[in-house]
Structures are given as C-alpha cells and as structure tokens.
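Structure record follows, encoded as structure tokens.
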Number of protein chains: 2
Amino acid sequence: MTHIDAAKAALAHLDIEENPNAITAASRDFFWYSPVLKKRLDHLRADFVVRPRSEAEVIEVLKTCYAHDVPVTTRGAGTGNYGQAMPMRGGCVMHLRHMTAVKSCEPGRVVVEPGCLLKDLDAFCKEQAGHELRMVSSTWSTATIGGFIAGGSGGVGSVTWGSLRDLGNIIRLRVVTMEEEPRVLEFTGEELARVSHAYGTNGIITELELPLAPAYDWTGVFVKTKDFAAAMALAEDLANSDGILLKIASVYEAPTAKSYFQRVAPFVEDDDHLVGLMVAPQSMAGLVTLLARRPEVEMIYRSDDHDWPRSPGLVFEYGWNHTTLRALKVDPTITYLQVRYGYPNSKELVEQMRGSFPDGEVIQHLEAIRMEGKVAFAGLSMVKFTTEERLEEIIQIHEDAGALIFNPHRYTLEEGGRQHADNRQLDFKREADPKGLLNPGKMVTWDAPDWDYSRMYAYPEMMEADD
Amino acid sequence: MTHIDAAKAALAHLDIEENPNAITAASRDFFWYSPVLKKRLDHLRADFVVRPRSEAEVIEVLKTCYAHDVPVTTRGAGTGNYGQAMPMRGGCVMHLRHMTAVKSCEPGRVVVEPGCLLKDLDAFCKEQAGHELRMVSSTWSTATIGGFIAGGSGGVGSVTWGSLRDLGNIIRLRVVTMEEEPRVLEFTGEELARVSHAYGTNGIITELELPLAPAYDWTGVFVKTKDFAAAMALAEDLANSDGILLKIASVYEAPTAKSYFQRVAPFVEDDDHLVGLMVAPQSMAGLVTLLARRPEVEMIYRSDDHDWPRSPGLVFEYGWNHTTLRALKVDPTITYLQVRYGYPNSKELVEQMRGSFPDGEVIQHLEAIRMEGKVAFAGLSMVKFTTEERLEEIIQIHEDAGALIFNPHRYTLEEGGRQHADNRQLDFKREADPKGLLNPGKMVTWDAPDWDYSRMYAYPEMMEADD
C-alpha cells in the first residue's frame, strides 16, 4: 500500500472522486492560457480528489495527508491562471466546492465559506443586504470566493476599490495549517498578507470575512473611437470623476472589438478601439454629459436602452482575463501578459509599448485601477505567441521601459509576482507546513532560497510526463 | 399702498410671517462668521416673509413679486455663510421650510423638495433604502437640501465623492423662473451649472434629484499627534487608501482640540494636533492596522468602543464650518478663510502657510477632499481677526503662495468664488430674472459687468442702516 493509497483509504468516508476523467478535470486550472505553462504542466494529475464538506473535514484531510506525506493542492473552481492550482507532485487535490455557506451578511460585510461561487455570493448579498462584493474576477459566474482571495489580486471593482491587498479589502481569514495536529487560526490586519494570494501554499482558508459595497443594477456601456489616446483618456478621466461611480473601465485596442468580441463586432470597424464601462444607474446622466464633451468618442451600447438584436451580456465579462479568453477562442496563438502601468506616466508608457510592437504582435488591453488613491492601468496585453524566446524579449522590452510585469508564464508565486521572497508568506509556511506538502513547487524561495530569477524556475520534484 | 404692501396683500392667502422678530430672524443667515460682513449686513431685514407650501405657491410668489417689482431672496435654514441669503434690498424673503416632501427614494437616488432638512432626508433614505446623501454640510442637523445645493460646494463626504459641481453629484434640478409668467424648467447635465451654487439669483429650485451613497453606522474616530506633518499625512494617506471607506478626514492644528473642542479637551494637551475621521464599520480593522504602523499618532476615541464620560457627538460636527463655529463660541475674535490646497503640493503649501503665521494668528484646519480623482485639502483656516486691512494681507499672502482663496468676507458669488463672471449663471439670469429681482446684489457681473475686483464690491442699492 502506497502512502497515497493509505491516505485515500483513511479518507474513504469523505466525498472522494474515483472517476479518472473527473480526477483529470479537477487537476487542471486555466494554466493553458500560457503556451509556456501548457507545455510544462499539461500532464499533471492528482492521485485522488477529496471534497470536504466542513472545516472539520478539511482538518481531517490535512492531518491525514500530513501523516502519510501526501501533497495537498487546494482549489476552488480552477479558473485561475499561473498554474496556481496544478498539483505538481500529484497527491491529493482538495476541492472546496461543498463549502459554500454564507455565515452572515449585512450591509458592508459578509462572512462566507471559501467554495461559494462569486456569482452566488453576490446574489445572496444583494438579496439579503442590497450589497455585493467590492471586487470580483471576470470569471465571476464560475469562480469561488476562496480561490479569488487565495489566487487573485484584484479585478472588476478595482477601478474604485484598489487591490485585494490594500488595507480594508479583506477583513478576516480563518486558516487551517498542515501539521501533525492542524491548527485553526484567525488572521486580521497585518497577518492577512501571510495567506492571501499565497495559492494555498501555507494554509487553507476555511472562512472569509469581507467588506461589501452597495449593489446597483450596473449599466453596461460600450464606447468606440478611432483614437486610442482618446480611449485611454476616457477611461482614466472617468476613473478620476469622483461623482461617477464605476465598476469597471476597460480599454481594448483595435482590432480587439471587431476580431474577438462577436456580439460587438457588427457595431464597430477593424480600426475602432473600444472602452467598456459599467456605471451605477444614478451615474449614467453624468457619464452621458461627459461623453457629450468628447466628439471623438461614440457610445454604441448601453444595457438599459439599446436595440442590439443579441445582448452582449455583462460588460465585465469582456474585461480582465475574459478578454484573453475571447481572443483565444478566435485565435489559438494568442496569449497574454500582465503589466502594471503606474501613476503618473501610465498613458505615456502604454503609448511607448504600442510603438514598440507596431505590427499587432502585442494588442493593448487596459483596465483602469486605483493604486494608493491614484488612477493607473493594469495591462492584460494580448500577445501573438511565436516562441518562448520572443515572449521573453517582449517581456524584457516592457521591463526595460519601466512597465512592471507579473509574468503569467511562470508557476511560482515569486516569478508571477515581484521576483523576490515574500517573507511573511515564507515564514508562515515554515510554521504552518513544516513538511512542505501544501501546493508544492509554487514557492521558489521555499524550494531554492537563493534562486536568482535569471531563468524560469523548474521545480525538480514535478511529476514527469508519461511519454 | 407701496409695491411691497401690494405684493403682500396679493399673497395674503399664503403663509406670511407678520411677527417683526420672526421677520428679522428669517432675514439673517450665518454671515456673522465674518466681521467684515457683520459690519455691512447686520441691519438687513426683509419687508415680509412668505412660506410657500408647493411649487404652485412658489410660482405665485414669484409672479406676484415680479408684477410689483419686489425683490425675492430665497432661503432654506439660513445656515450658509457669505451672506448668501441676506435680503440686500429688503422686499420678500421666501422661506422654503414647508416644502419638505421626499417624492421618491431608492438605493442610489432620491427626489426631494428643497426645504427638507439634510438630517431628515438622510434618516428617510436610510430607513427606506439603506442609503444616504453623498455629501452634506456640517450643519446637517439644521440645514436644508435646497440651501446646500444652491449655496454649498461640498462638505462631509467630499473626501470620497469630490465636489457638488463634479459630474454625477447632482442628477436633476427643477427650477422656477421669475418672469411675468414664470416657467418651470428641468435641468440636467451641463445645464445644472446654471443654478447650482447660484444663491437663488437666477431661479428657484423646487425639486432636486440626487445620487445617494450607502448608509453605514459610521464610526467616529479621533487621533492625536504632536507632529502636524504626521496629522496631515495620516489624513491624506487614509484618503488615498482605496480599501478604507471614509466620510470625513479633518486635520486640526494645535491648540484647536484643547481650546475649542470642549469634550475632546480632557484627552489632549495644548500641543496636540487632532485628526477627526468617520469610517465605515467594515473599514475599522483596516484603519486600526494602518494606525499601528504609525507610532507617532494615537487613537484617543472611537465611537463604537470608548469610555469617555460624555460622548463628543458626531465627529463631522467638529469639521468643515463647525470648527469655526466652535472656535467662535470660545473666542469671538475668530473668523476664517476658505482655502484650496491643490494636488500634488498641498501639504507643502500648508506648511508654507503655517510658517507664514507662526504666532497663532492663523490656525490650520484642513479637510481632505477629492479633486478630479486626487486627494487635496480644503482649508478652513481659523483667523484671529484684528483689522480688515490685516485680513486682506493674510489673504494676499495665501494667494501669493498659490493657495486659492474663496473669500468668505464677500457677499457676491464672484468674490466668494474665482473672481470672474460665470457666464452660464449670468446668461441664465438674463433669461430667468429679467428685472433682476432674485437675491439682488449677489452677482457682481450682473450689476457691474466691468468690475475689476481690486477692492470689495459694495452693492449700491443695498438698504441703508437706520443709525
């Protein structure tokens, strides 16, 4: 009996997935946006999948796997990128889909289990309290709140509320450690940084307390323009309009709208840049006034009053990483980069990057965000992939110009982040995961403390492909 | 029978005030914050006061006074400064206290008559929709919504929502003109600027549609520090903390707290600077985390957990112009200035002004506000008044340094503003008030189009004092 079999047997009374296809499905996230990761991670597969129904069962899984030296990779819906939920050494995938309870909800605040879908949580909070999450990912309809907090950094809503790591955007996380006797810890304040955006490498979130924002029947808007600078300026100026309440402000360089946004395409031309907005209904009059001052832009759609034969759906489902997803479906060679164009030179830096790739190899897609009170742009640039070497060159050109890259073609926290140790996370992993069994291979400073980031880190214990 | 008597007789079926003391009371606003205005306006008194109950009665008042050439000065609670509701030529004061109906209220939006008190409107909206006004004046408990929109520029809430004139902060105003046959107009978008902050000089607002913000049980907080720069930095950094939701962030230079804030005084020393905050309850954990990073500041009060024997009340009732009011009660020589310290050099400019008045002649009081998306400071500096000449010097020192002054020692719109014609307001006055009977003497570009602002404008038709 292997360690794996022993752990599986000890957990047999829990909800364990036996179907090989289902195990394969539960072993994959959206790593395949990256051809670099697709080549390296496509073969990964858990040995078994367990779906705990409660914190007590989470503790049981972690304790048992600890005893049997079985790695545990925890996941929500698996809609993240960066390979963050890929089981590098196989072992156990712990799927939190059963833990969906909303423990309490009031205007401004919710307490929830990690497996609740963002969409379901928003519906519940709106019904219960007229509120909704401050921030969600564009995968809102399928992603979980636990996965978003453990793996995300911001998204829809960041134009108003900044990033998840900003003080006040997470109130409390309840976390289980993977030790001989797992502990249950409550983190607030400075401690939150230990486990938020840590991919489940150093503890498992079993409960979240989050601030809420008022829920409105957000009006979706598309604006087109032939002038890319005008599109950027519109998004930035709207984000700076204190009286106009936004949920998202996205900029899509031509020909994104025509080529990749099927239901928008009939209303634009190849050379039309697009701005996607979601605006509180009480702010629509202000938006219309602002647009009327700009003859160079034209509103082509507003969800509260339009004659499009087929609704384009939620405007935020065109933004953030859904842009790349829509492009990928049309052109499988598309991949992407995550770029940060900081204040105050964000627009200039974007224009510099546009000038550096004049032949459509890199297509600009920007999201207006708040960074320490200032409006900046997150870039989720679409890249027509040719070779890994060229992708590296493209990244280097961005970094040389001063545009920060969060490289989505890497599977470690550090390489996808700021390329240095996060000592709060590393220190807590030493304490909470002494055997290094939680989501192994994702924290390079745990495995290789002196790593110099001169090349892509390759986790030496990654399971090998069969071929 | 004089014109006045004829108008009064024609309106006799309305609610007309006959009591001389009540007429005097209804003829005065808070102009007396300014010794300059007190000297010049103290004798002003309407001939009669009428309190319409409906828009139809407003129309009747305006039509009748038009026919009889009687000036009409409209007021809410009369808590404004700048002498904005003072009847320069006597005549009719139209008091809108009966027009208090809330026509509709939903999350994000309210339609209301002008005479509704801010406090009552907030209570209604909170009860009905869990929402409240985005911005209110510190005179919230006594001031009316119509007076705030007609005479205010921002206030409590501007740290998040910017100024009233920012797009989106007013949705619609319904306005009655003063013509032979008064018209009723609905203004939205660009048209709003015609009558908002126009002191009722060119039309009377009979209905307002305004955006709402979520209502929380805001936690009031006081923080003290010996370091003024630390106080400013705290307010600014909090206003830049996208995840921490604020209603107000005020900075009070020492010895304001000790000298003028009676219930705060036992907990501070003469040299303590104070920061007053109101924070959404779900943001308190984030605030506490941020404060813990700053050993130079100390939280001395939080309204949700304190042992002060006497509650200090609402923290916003220490801010904006309530600061001056509290100081005036202790030291009658105190007056004030309204200053704008713009982004990005606001803190440096405040320090420069502090250095220019080292002997306590000017005491800094700052309110963090949003201006076009950036955090800046509105200054409501307290000034120990000696002479008008010295007050002018103090203003000049500010202006020479680049700090914009909205001079509260002037009674015309232009002198209290940016010292030039607002052509939108002036053009609309030509159309809506052809006889110049609405709040006469308050628009210098109407009375004296070529005024050069080299000295204080003196309205030649102002009624004379009896003495």
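Hydrogens, waters and symmetry mates play no part in the numbers below; they use all other heavy atoms, side chains included. Proteins get letters first, then strands, A, B, ... in listed order; numbering begins at 1 in each.
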Which one of A:D242, A:L245, A:I244 satisfies the side chain to side chain contact (heavy atoms under 4.5 Å, CB included) criterion with B:W161?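 Single pass found, and it is A:L245.
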Passing option when A:Q282 is tested against B:E106, B:H131, B:R134 for side chain to side chain contact (heavy atoms under 4.5 Å, CB included):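 Per the side chain to side chain contact (heavy atoms under 4.5 Å, CB included) rule, the option paired with A:Q282 is B:R134, out of B:E106, B:H131, B:R134.
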Answer yes or no: does atom [atom1] of [X] have more than 12 heavy-atom neighbours from other residues, nucleotides or ligands under 6.0 Å?
X: B:E186; atom1: CD; result: yes
X: B:D217; atom1: CG; result: no
X: B:E190; atom1: CD; result: yes
X: A:E372; atom1: CD; result: no

Show the nearest heavy-atom pair for residues A:P214 and B:Y216, with the distance to one decimal.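 Residues A:P214 and B:Y216, closest heavy atoms: CD-OH, 3.9 Å.
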Heavy-atom donor-acceptor pair, A:R109 side chain to B:P281 backbone, under 3.5 Å: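 It does hold such a pair.
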Heavy-atom cut-off 4.5 Å, strictly under: side chain, backbone, both or neither for [X] against chain A?
X: B:L212; result: backbone
X: B:S283; result: side chain
X: B:R293; result: side chain

Find the distance between CG (B:L290) and CG (A:D166) and round it off to the nearest 0.5 Å.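 Output value for this atom pair is 11.0 Å.
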As an exercise: rank A:P107, A:A280, A:G108, A:A129 by heavy-atom pairs under 4.5 Å with chain B and give me the winner.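 Looking at each option in turn, the highest pair count goes to A:G108.
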Quick check on the interface: out of A:G243, A:A215, A:A285, who has the most heavy-atom pairs with chain B under 4.5 Å?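 Among the listed options, the one with the most contacts to chain B is A:G243.
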What part of A:M135 is in contact with chain B, defined as an atom under 4.5 angstrom from a non-hydrogen atom: side chain, backbone, both or neither?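 Neither part; nothing is under 4.5 Å.
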With a 4.5 angstrom heavy-atom cut-off, which part of A:S158 approaches chain B: side chain, backbone, both or neither?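 Contact with chain B involves no heavy atom of A:S158 at all.
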For a 4.5 angstrom cut-off between non-hydrogen side-chain atoms, does A:Y343 reach B:K374?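 They are in side-chain contact.
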Counting heavy-atom pairs closer than 4.5 Å to chain A, which one of B:N169, B:I170, B:T188 comes out on top?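 Among the listed options, the one with the most contacts to chain A is B:N169.
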